[in-house]
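All chains are named by letter (A, B, ...) in the order of the sequence lines, taking the proteins before the strands, and each is independently numbered beginning at 1.
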2 protein chains.
Amino acid sequence: MSEKIEKSRDLAPRLANRLFFRLYQCTNMLHKTGTRALDDHHITTQQWAVLGALTRPAFEGGVAVGDLAAFLLVSRQNLTGVLTRLEAMDYIERAVAENDNRSRLIRLTTKGRSLWDENMRPVISDYYDAALRGFSTEDRIHMIHYLDKMLRNFKDLDPEAHADKKAAE
Amino acid sequence: MSEKIEKSRDLAPRLANRLFFRLYQCTNMLHKTGTRALDDHHITTQQWAVLGALTRPAFEGGVAVGDLAAFLLVSRQNLTGVLTRLEAMDYIERAVAENDNRSRLIRLTTKGRSLWDENMRPVISDYYDAALRGFSTEDRIHMIHYLDKMLRNFKDLDPEAHADKKAAE
DNA sequence: GAACAAACGTAAATATATTGACATAAATAA
DNA sequence: TTATTTATGTCAATATATTTACGTTTGTTC
């Protein structure tokens, strides 16, 4: 009995280590294979994330830079770089917000919308199918649940993230 | 009945999208909060991953650059950069392998070992506790299982990764 | 109206990320 | 012995990442 307790106490750090290492590896592969999947369209995974976010109905009228950074959980400066390159490719545009002259609303252009709907969507769909092969619907839901929970914990660790608790999907 | 089937078909892409977006966000936060957790020691998350890997018993005698890159699933060139900075801080050393003069074995220095054992370990432990708050042992095991499975899928997607299927933990 | 705060662009410094490519030395295969 | 392959360092180009900081404009509070 006390051996069992001792064993399970010894197990937890190893599991945590293993879990985060796997997460690290998975992410490395996500970026590698994801970017490659969209090579034909010269879109990186971060650009993919931005474009995907902009397709959301809630962002159809445009989203402020700061809000988008908070949603994606990246720094504003880095996002600015990504946005600038997407703008250069005519996939997004920046517009002055009507109710606040300081604010810039980021939104998809027609070209960007077309890229997403006609070029990226099918590739992404195939990619997801391959990456989630063998995952049942229940598996997916469970994994989302775990990632959700972890994300909440990360946000609790980060003082700046508290103001953005509303950034739920 | 056909409505139910239709509904579950409609659900899968949304779940996949949601899952990968969560993964993306989690990773962004992992790097952000993880690096900050080790600010006192000026260690980034990637350096953490390298140092952690080098503490493995199997790598005690040193590990070749290419093997380490394959283990961590990062590019050789990027790893070289990380290693060079760790070497500059005297946390690792490179040694010519005995049985192959072309090969460089990467291993922890005494200083690196001490950094890991005495400085990083406690911080990491606390960090993991916080990041995995509310996760039971079973949750952790399931999460690892899912990540394992996904990693396998990613590797299947990547022609170069096939040679490294042995890189299991 | 003055003081303060916020939104964004920008700059700087540092670290990570990839791919493609090349050169050199060493190991392996023919 | 020669031809081929391999391990690593290096180069180049591009893209992402963070933090700290500053400046300008605009909005909000007192």
### Query
Distance check: side-chain N/O of A:T35 vs OP1/OP2 of D:dA15, anything under 4.0 Å?
no
### Query
Taking CG from A:L79 and P from C:dC8, how many angstroms apart are they, rounded to a whole number?
10 Å
### Query
Are any of A:R94's side-chain N or O atoms less than 4.0 Å away from OP1 or OP2 of C:dC8?
no
### Query
Taking OP1 and OP2 of D:dT16, is either one under 4.0 Å from a side-chain nitrogen or oxygen of A:T44?
yes
### Query
Could you give the CG-to-P distance, from B:D39 to C:dT14, as a whole number of Å?
16 Å
### Task
Look at the side-chain N and O atoms of B:N78 and state whether any lies under 4.0 Å from the OP1 or OP2 oxygen of C:dT18.
yes
#### Entry: A:V74 side-chain proximity, nearest of D:dT18, C:dT18, C:dG9
D:dT18
### Message
Classify the ring geometry of B:Y146 against A:Y146: parallel below 30°, tilted from 30° to 60°, perpendicular beyond 60°.
### Response
tilted
### Task
Tell me whether the centres of the aromatic rings in B:Y24 and A:W48 are closer together than 6.0 Å.
no
### For atom CD1 of B:I92 and atom C1' of D:dT8, their distance in whole Å
14 Å
#### Entry: Interatomic distance where CZ belongs to B:R76 and C1' belongs to C:dA21 [whole Å]
11 Å
### Query
Salt bridge between A:R133 and B:D156, side-chain N to carboxylate O under 4.0 Å?
yes
### Query
Quick one: B:R104 CZ to D:dG9 P, roughly how many Å, whole number?
6 Å
### Query
Whole-Å distance between D:dT28 P and A:D100 CG?
7 Å
### Task
Identify whether any heavy atom of B:A64 sits under 4.0 Å from a base atom; if not, whether one sits that close to sugar-phosphate; answer base, sugar-phosphate or nothing.
sugar-phosphate
### Query
Does A:N28 or A:L83 map to a spot on DNA chain C nearer the 5' end, using the closest nucleotide for each?
A:L83
### Task
State which of C:dC8, D:dA17, C:dA17 makes the closest approach to the side chain of A:H31.
D:dA17
### Query
Starting at the 5' end of DNA chain C, which residue's closest nucleotide do you reach first, A:Y24 or A:R102?
A:R102
### Task
Using only side-chain N and O atoms of A:Q47, determine if any of them is under 4.0 Å from OP1 or OP2 of D:dT16.
yes
#### Entry: Passing candidate, side-chain contact (heavy atoms from CB on, under 4.5 Å) with B:T80, options B:T84, B:L83, B:N78
B:T84
### Message
Please confirm whether the shortest side-chain N or O distance from B:S75 to OP1 or OP2 of C:dT19 is below 4.0 Å.
### Response
no
#### Entry: Protein-nucleotide distance (A:D158, atom CG; D:dT18, atom C1'), rounded to Å
12 Å
### Task
Examine C:dA17: is either OP1 or OP2 under 4.0 Å from a nitrogen or oxygen in the side chain of B:Q46? Give yes or no.
yes
### N or O in side chain of A:S103 less than 4.0 angstrom from C:dC8 OP1/OP2
yes
### Task
Give a yes/no answer on whether the side chain of A:R85 brings an N or O atom under 4.0 Å of OP1 or OP2 in D:dT16.
yes
### Nearest to side-chain heavy atoms of A:N101, which nucleotide of D:dT26, D:dT10, C:dG9
D:dT26
### Message
Aromatic contact between A:Y128 and A:F135, with the criterion being ring centroids under 6.0 Å apart: yes or no?
### Response
no
### Query
Touch check for B:R36, heavy atoms < 4.0 angstrom, all strands: base, sugar-phosphate only, or nothing?
sugar-phosphate
### Message
In whole Å, I'd like the distance from the CG atom of A:L30 to the P atom of C:dT18.
### Response
12 Å
